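Remember, it's a predicted structure, so these values are computed and weren't measured experimentally.
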Amino acid sequence: MSLNARLIEEVAARRDDLVRLTQDLIAIPTLNPPGDNYLEICEYLERRLSGAGFETQMIRAHGAPGDSDKYPRWNIVARREGRAAHPCVHFNSHIDVVEVGHGWSVDPFAGVVKEDRVYGRGACDMKGGMAASIIAAEAFIAVCPDFVGAIEISGTADEESGGFGGVAYLAERGFFSPERVDHVIIPEPLNKDRICLGHRGVWWAEIETKGEIAHGSMPFLGDCAVRHMGAVMAEMETSLFPTLAARCTEMPVVPDGARASTLNINSIHGGEPEQAKDYTGLPSPCVPDRCRMVIDRRFLIEEDIGEVETEIRDLLETVRSGRPGFDYDIRELHRVLPTMTDRSAPVVGAVAQAVQQVFGRAAEYVVSPGTYDQKHIDRIGRLENCIAYGPGILDLAHKPDEYVGIHDMEQSAQVMALALVDLLGAPPGSSC
């Protein structure tokens with residue numbers, strides 16, 4: 001029997017373990033915000049991976065955004081070395097999940113199995129992918145104990161809120177440097193026959209329009225900041241949204257609508273603060289003197305970040321030029337540049353070859369509409385040989401009744417295991 005066939009069988013034999021592992025990970029409610037149970041899931045992974053011969057490190061991201069004694073940002077990095085320290089293949093998965101939301105028909109943290117699916121918050125995004133990568137690594141080690149190089153598996157915090165307490169913190173400390181790691185696979189849910197090369201860019205900003213407070217019965221004595229913000233929105237509708245929709249990237253972004261530049265109005269608030277839920281009175285009659293809008297601008301690799309920012313500022317100046325009394329502030333909240341790994345990168349070729357072997361068809365190359373932790377591995381870690389590949393359907397992420405397919409996880413684990421053969425291999429005459 002060929003090595004590849006042995007590996008495929010070895011992964012298949014671990015199917016029940018794959019399901020149990022996924023259920024165990026789902027059962028730990030690592031909600032972010034606020035950052036619940038990070039230590040618990042890292043301790044679980046430490047037990048699992050140390051039992052498989054990995055050396056483990058628990059790293060708390062002291063001082064990172066969100067880190068506190070009540071909600072510490074814990075991460076785990078596990079490493080198993082073969083006959084050498086390099087090449088090193090690193091599987092990175094985030095441990096956090098988003099809020100549950102409404103509309104579930106099953107317990108979101110029970111790991112319910114129905115019709116070849118495991119249901120639960122984080123099943124798709126991305127605890128199923130984490131489980132698949134662990135099974136892939138363990139199966140590879142069982143078949144190829146004398147492999148050359150090293151395998152790393154990490155569980156990291158806060159990807160859903162930017163990754164600053166997870167991958168960014170570790171990258172700043174050299175965990176994703178080319179001196180340590182050669183290839184990174186992030187098992188995000190982009191479909192089992194797709195290789196995700198990167199993501200669009202993002203620029204978040206807060207716009208504040210200013211007014212003058214006055215009695216609500218005499219609004220003519222004040223200046224309504226909410227109306228000023230309405231003029232900003234009108235200008236966006238008239239000039240900006242059509243302009244963005246007309247731009248199109250050569251990046252293979254999915255879905256098709258995300259191949260254009262986009263702008264989302266994330267939130268708006270004007271006037272008095274929202275009252276507590278137990279407040280039963282009426283609001284006071286005041287003309288709002290402040291209105292704030294948070295915008296989420298997603299941009300293309302062909303666009304310059306400076307021009308993205310200038311475009312918004314120019315729009316605000318256009319409104320100012322035609323609107324008496326208009327004044328504003330704008331504050332950047334967050335920026336991430338687009339990134340896209342070259343198709344000729346070794347990790348891309350290895351996973352593409354494995355997809356062909358498992359599915360009998362060529363891999364599809366895609367780019368994510370939103371960012372994920374590749375941004376920190378690329379920009380901070382200086383490691384360009386990074387992709388996302390994992391089981392699950394991206395459209396299910398953050399939805400009620402989120403699930404991951406069991407057969408999809410098994411096949412993705414087979415792809416990852418075969419990719420390890422290509423990227424690591426073994427010396428001639430070894431048991432591999």
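- Put simply, CG on Leu45 and CD on Glu40 are 11.0 Å apart, with the number rounded to the nearest 0.5 Å.
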Worked verdict on Ile141 versus Glu138 for side chain to side chain contact (heavy atoms under 4.5 Å, CB included): CA-CA 5 Å; Ile141 292 167; Glu138 291 175 348; 5.8 Å; no
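- A donor-acceptor pair shorter than 3.5 Å can be found between the side chains of His86 and Asp182.
- Using modelled atom types, no side-chain atom of Thr238 and backbone atom of Glu235 make a donor-acceptor pair closer than 3.5 Å.
- Taking all atoms of both residues into account, the shortest heavy-atom contact from Glu188 to Ala388 is CB-CB, 4.2 Å.
- A salt bridge between Glu179 and Arg382 is present, with a side-chain N of the basic residue lying under 4.0 Å from a carboxylate O of the acidic one.
- Side-chain contact annotation: His199 with Thr339, donor-acceptor N/O pair under 3.5 Å absent.
- In this structure, Ala363 and Ala352 approach most closely via the heavy-atom pair CB-CA, 4.3 Å.
- Leu3 approaches Cys144 most closely through the heavy-atom pair CD1-SG, 3.7 Å.
- Considering all non-hydrogen atoms of both residues, Ile151 and Phe54 come closest at O-CE2, 3.5 Å.
- A donor-acceptor contact shorter than 3.5 Å is absent between the side chain of Glu384 and the backbone of Asp378.
- Contact of the Ile295 side chain with the Asn264 side chain is not registered, since no non-hydrogen atoms from C-beta on lie closer than 4.5 Å.
- By the 4.0 Å N-to-carboxylate-O rule, Arg6 lies too far from Glu10 to be salt-bridged with it.
- Using a 4.0 Å cut-off between charged nitrogen and carboxylate oxygen, Asp296 and Arg298 count as a salt-bridge pair.
- At a threshold of 4.5 Å between non-hydrogen side-chain atoms, the residues Val415 and Gln411 do not count as touching.
- Within a 6.0 Å radius of CD in Glu55, other residues, nucleotides and ligands contribute 12 heavy atoms or fewer.
- At distances below 3.5 Å, not a single donor-acceptor pair connects side-chain atoms of Asn385 with backbone N or O atoms of Ala345.
- Listed for the Ser154 side chain is no donor-acceptor partner under 3.5 Å among the backbone atoms of Thr156.
- Counting only distance, with no hydrogens or angles, the side chain of Asn191 and the backbone of Asp193 share no donor-acceptor pair below 3.5 Å.
- With values rounded to the nearest 0.5 angstrom, Cys42 atom SG is found 8.5 Å from Ile59 atom CD1.
- Judged purely by atom type and a 3.5 angstrom limit, Arg200 uses its side chain to pair as donor or acceptor with the backbone of Pro369.
- Ion pairing between a basic and an acidic side chain is recognised when a charged N comes within 4.0 Å of a carboxylate O; Glu309 and Arg297 show no such pairing.
- A salt bridge is defined here as a Lys NZ or Arg NE, NH1 or NH2 lying under 4.0 Å from an Asp or Glu carboxylate O, and Arg290 with Glu208 meets this definition.
- Between the side chains of His407 and Asp116, no donor N or O sits under 3.5 Å from an acceptor N or O.
- Between Arg48 and Glu46 there is no salt bridge, since none of the side-chain N atoms of the basic residue sits less than 4.0 Å from a carboxylate O of the acidic one.
- With 3.5 Å as the limit, one finds a donor-acceptor pair spanning the side chains of His94 and Asp96.
- For Lys399, the NZ atom is loosely surrounded, since the number of other residues' heavy atoms within 6.0 Å does not exceed 12.
- Between the side chains of Glu115 and Tyr403, no donor N or O sits under 3.5 Å from an acceptor N or O.
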Worked check of side chain to side chain contact (heavy atoms under 4.5 Å, CB included) between Phe176 and Ile380: CA-CA 8 Å; Phe176 291 98; Ile380 302 174; over 6 Å; no
CA sep, side-chain torsions, deciding dist, call: Val355, Tyr389, side chain to side chain contact (heavy atoms under 4.5 Å, CB included): CA-CA 10 Å; Val355 167; Tyr389 170 78; 4.2 Å; yes
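- No side-chain donor-acceptor contact under 3.5 Å links Thr56 to the backbone of Ala78.
- In this structure the side chain of Ser93 never reaches within 4.5 angstrom of the side chain of Ile95, judged on heavy atoms.
- In this structure, the separation between CD on Gln275 and OG1 on Thr280 is 10.5 Å, given to the nearest 0.5 Å.
- Using modelled atom types, no side-chain atom of Asp158 and backbone atom of Ser161 make a donor-acceptor pair closer than 3.5 Å.
- No side-chain N or O of Glu332 forms a donor-acceptor pair with one of Trp204 less than 3.5 Å apart.
- Side-chain atoms of Asn75 and Tyr169 form no donor-acceptor pair, as typed in the model, at a separation below 3.5 Å.
- Going from atom SG of Cys386 over to atom CD1 of Ile186 covers 4.0 Å, rounded to the nearest 0.5 Å.
- Judged purely by atom type and a 3.5 angstrom limit, Lys127 uses its side chain to pair as donor or acceptor with the backbone of Leu25.
- Summarising the geometry, atom OH belonging to Tyr38 is positioned 10.5 Å from atom CG belonging to Asp67; distances are rounded to the nearest 0.5 Å.
- Residues Val254 and Val367 are not in side-chain contact: their nearest non-hydrogen atoms beyond the backbone lie 4.5 Å or more apart.
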CA sep, side-chain torsions, deciding dist, call: Arg379, Glu172, salt bridge (Lys or Arg N to Asp or Glu O under 4.0 Å): CA-CA 10 Å; Arg379 304 301 181 188; Glu172 288 167 352; over 6 Å; no
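- Taking the six-membered ring for Trp and the full ring otherwise, the centers of Phe164 and His376 sit less than 6.0 Å from each other.
- In this structure, the side chain of Ser133 engages the main chain of Met130 through a donor-acceptor pair within 3.5 Å.
- The cationic group of Lys114 lies under 6.0 Å from the six-membered ring centre of Tyr119 and within 45° of the ring axis, placing it in a cation-pi geometry.
- The shortest distance between side-chain heavy atoms of Arg194 and Tyr365 does not fall below 4.5 Å.
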Evaluation steps, salt bridge (Lys or Arg N to Asp or Glu O under 4.0 Å), between Glu152 and Arg80: CA-CA 6 Å; Glu152 289 189 344; Arg80 172 76 181 257; over 6 Å; no
Intermediate values then yes/no, side chain to side chain contact (heavy atoms under 4.5 Å, CB included), Met58 and Trp74: CA-CA 7 Å; Met58 301 273 283; Trp74 282 102; 4.0 Å; yes
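- Once rounded to the nearest 0.5 Å, the distance linking CZ of Phe299 with CD1 of Ile305 reads 3.5 Å.
- Side-chain contact of Glu160 with His398: a donor-acceptor pair under 3.5 Å is present, judged by distance alone.
- Looking at Tyr71 and Asn32, their side chains never bring a donor and an acceptor atom within 3.5 Å of each other.
- Counting non-hydrogen atoms of other residues, nucleotides and ligands closer than 6.0 Å to CD of Glu317 gives a total above 12.
- In terms of heavy-atom proximity, Arg121 sits nearest to Pro400 at NH2-N, 4.4 Å.
- Judged by distance alone, the side chains of Asn4 and Ser2 never bring a donor and an acceptor atom under 3.5 Å apart.
- Across every non-hydrogen atom of Ala85 and Ala150, the tightest pair is O-CB, 3.7 Å.
- By the 4.5 Å heavy-atom criterion applied to side chains, Pro72 and His62 are not counted as neighbours.
- Surrounding CD of Glu99 are at most 12 heavy atoms belonging to other residues, nucleotides or ligands under 6.0 Å away.
- Residues Thr30 and Asn37 bring no donor and acceptor atom of their side chains to less than 3.5 Å of each other.
- At a cut-off of 3.5 Å, with distance as the only test, a side-chain donor of Gln374 or Thr341 sits close to an acceptor on the other residue.
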